[in-house]
Every structure is written in C-alpha cells, then in structure tokens.
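Structure first, then comments.
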Amino acid sequence: MTLYEKIITIYPELKPEDFLSVIRLQNDSDGRGDYIREWNHPTLSQPTQEQLDALEVNP
Amino acid sequence: MPISINGSGTISGISAGGLPDGCITEADLSTAAVTTDKIAAQAVTPAKTTGGPAFSATGGNQTLASATQTKVICNTEQFDTSNSYDPSIGRFTPNVAGYYQVNIGVQYTGTVSANTIFTVKLYKNGSEFFEVAVFQTDQYKKSLSPFLLYLNGSTDYIEFYAAQFTGVSKTIGECVFSGFLARPA
C-alpha cells in the first residue's frame, strides 16, 4: 500500500486536488520512499506514523 | 615615426606591422585590453570558442505512486559536454554561470481517463522552481516543458519531479531532461 493509499484510507473524504494544494507527498528517488513533505489541511491533522504503520499490518 | 621613451617604462611609435607570430602573448595584454570594438566582425569563429555546457538524458521504467511528487531519474545520457549531469541522481550542476534553457518531459505507459491531472515540476537547489499542471484528454499522457533560468555555475543545481493523479500507481515509459547555456552571465 502506498503512502497515498494509506492517507486516503484514513481520510476517504480527501480529493485529488487536496494533494495539489494543502498536502504534498514526495519521493526523492533516493531509496527512502514516499513521505509527507507538507501537510497544511485546514481541518484534517497529519496522520501519525503509528496510524500509517497500522495500515501496513492491517490494510 | 620617431621612437620615444617617456621614462614610465612605455615605448611609443612602434607600428604593429611586421611583428612575428606569437610575439605578443596573453600575458602581454592587460586586462580588458581587447575590447569588442577592437574585434573585426566574424574575426572570432565558432572553432575558437568552447561554448557552454549542454546535456541531454533520457530514461523510463520508473513507477510513481498517485499524488506523489517523484524525482524523475533520466539515467541514460545522450551527451554531456562538461560532465555536469549526474545520471545516477538526475541532477544537472553546470560549471559555467549563466542563463540556461532547460527542457523536462515524461510520458506514461497505459491509458487513463480524460481530464486526469499530470504534473512536471522543475526543482532548483532542492526547492520547487516552477510547476506545470497538465490535463490530459488522450492516452498519450505526454508533457514537455521548457524553462529559462539562471544558474550560478558553482552551487546551483536542477532536478525535476513528476506526479500523476490517477488514483493508482503509474509507470513512466519515457522521460527526457536536457539543457544548454543560452547566455553566459
């Protein structure tokens, strides 16, 4: 499950345009994978690492 | 014309005609002694100039998760005249200061729905420089964006990122990253 897929699982109300503006996911192609570069959503708080990790175990 | 020595170490009155080749070297000329006005039209040919950095690289087979700005690695160099492009990390760090024309582009494999958003973004020194958002209405999903920007010839570097908002992971079939010095600083 990609980071994007985890986030929209946690917050299914998010729209694609949210990831063009208030949320920025990034991958620098350096082996470290996808990460949240910016989280500026006005109402939804950035998921914790625990929330994201939980989906890896229980997708 | 008489030759005079004025006591300041200069000699005047000697004409340049008849001087053997190579008797005046670069070391003999003071800084800025040769101005543009002193150079006859077309006196300096392209063969006498080294030009500036120029590079072109392509690549592909890179998978991007949806909605994730991913650095594109064009890992196959076509040319790199000043060894300023690192194909292992997709970074151009020119060694000549000036204004560079840069082109970035990607094409994804497979088909997508109409009006899917694809973006390419030029990064300078690790920060977003400019983003182009593209709405695709056909299956080709191509983008090619030119930029003109200043690079200082030492610490400045550029890379580019791409993103697709299809909702699923997509693979870049082809990418291109190229540039050249349009004008020295």
Side-chain angles (χ1 to χ4, degrees), chain A, chain B residues 57 59-75 86-92 104 106 112-136 157-172 175 177:
Chain A
M1 188 179 274
T2 66
L3 176 60
Y4 167 76
E5 290 166 345
K6 292 179 184 177
I7 291 174
I8 61 172
T9 298
I10 296 170
Y11 295 122
E13 63 270 45
L14 286 172
K15 303 177 181 56
E17 49 266 36
D18 291 324
F19 292 88
L20 278 168
S21 54
V22 294
I23 300 170
R24 295 285 187 151
L25 307 183
Q26 187 158 313
N27 184 318
D28 299 320
S29 299
D30 57 1
R32 292 185 292 178
D34 305 341
Y35 63 95
I36 299 172
R37 181 181 172 116
E38 292 180 19
W39 188 281
N40 299 311
H41 197 282
T43 58
L44 303 176
S45 58
Q46 180 173 336
T48 65
Q49 193 58 52
E50 289 73 25
Q51 285 178 289
L52 296 171
D53 292 344
L55 290 171
E56 201 68 57
V57 177
N58 301 305
Chain B
N61 198 31
Q62 189 172 351
T63 299
L64 278 60
S66 186
T68 304
Q69 298 289 340
T70 303
K71 188 163 93 169
V72 180
I73 308 294
C74 296
N75 56 8
D86 186 340
S88 69
I89 58 174
R91 177 180 295 181
F92 177 57
I104 58 177
V106 296
V112 295
S113 303
N115 297 320
T116 302
I117 300 173
F118 296 87
T119 68
V120 288
K121 185 183 297 187
L122 186 69
Y123 274 52
K124 179 180 177 181
N125 300 336
S127 298
E128 178 181 332
F129 179 77
F130 194 81
E131 178 178 61
V132 176
V134 179
F135 288 81
Q136 291 293 332
Y157 64 89
I158 53 174
E159 302 157 314
F160 86 94
Y161 285 64
Q164 51 83 15
F165 296 80
T166 61
V168 297
S169 295
K170 295 291 291 183
T171 298
I172 291 176
C175 62
F177 191 14

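The sequence lines fix the lettering, A, B, ..., with proteins before strands; numbering per chain opens at 1.
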Test log, rule side chain to side chain contact (heavy atoms under 4.5 Å, CB included), inputs B:T68 and A:L3
CA-CA 9 Å; B:T68 304; A:L3 176 60; 5.8 Å; no
Side chain to side chain contact (heavy atoms under 4.5 Å, CB included) between B:Y161 and A:N27, intermediate numbers included:
CA-CA 9 Å; B:Y161 285 64; A:N27 184 318; over 6 Å; no
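Heavy-atom distances place the side chain of B:Q62, and not its backbone, under 4.5 Å from chain A.
Ranked by heavy-atom pairs under 4.5 Å with chain A, the first of B:S66, B:G90, B:A65 is B:S66.
The environment of B:N61 atom CG is sparse: at most 12 non-hydrogen atoms of other residues, nucleotides or ligands sit within 6.0 angstrom.
In terms of heavy atoms, A:L25 sits closest to B:A67 at CB-O, 3.6 Å.
Side-chain contact between B:I117 and A:P16 is absent, with no heavy atoms from C-beta onward closer than 4.5 Å.
Among residues two or more places apart in sequence or in another chain, the ring pair (Phe, Tyr, Trp, His ring centres under 6.0 Å) test is passed with A:Y4 by A:F19.
Contacts between residues 34-47 of chain A and chain B, defined by a heavy-atom separation under 4.5 Å, are made by A:D34, A:R37.
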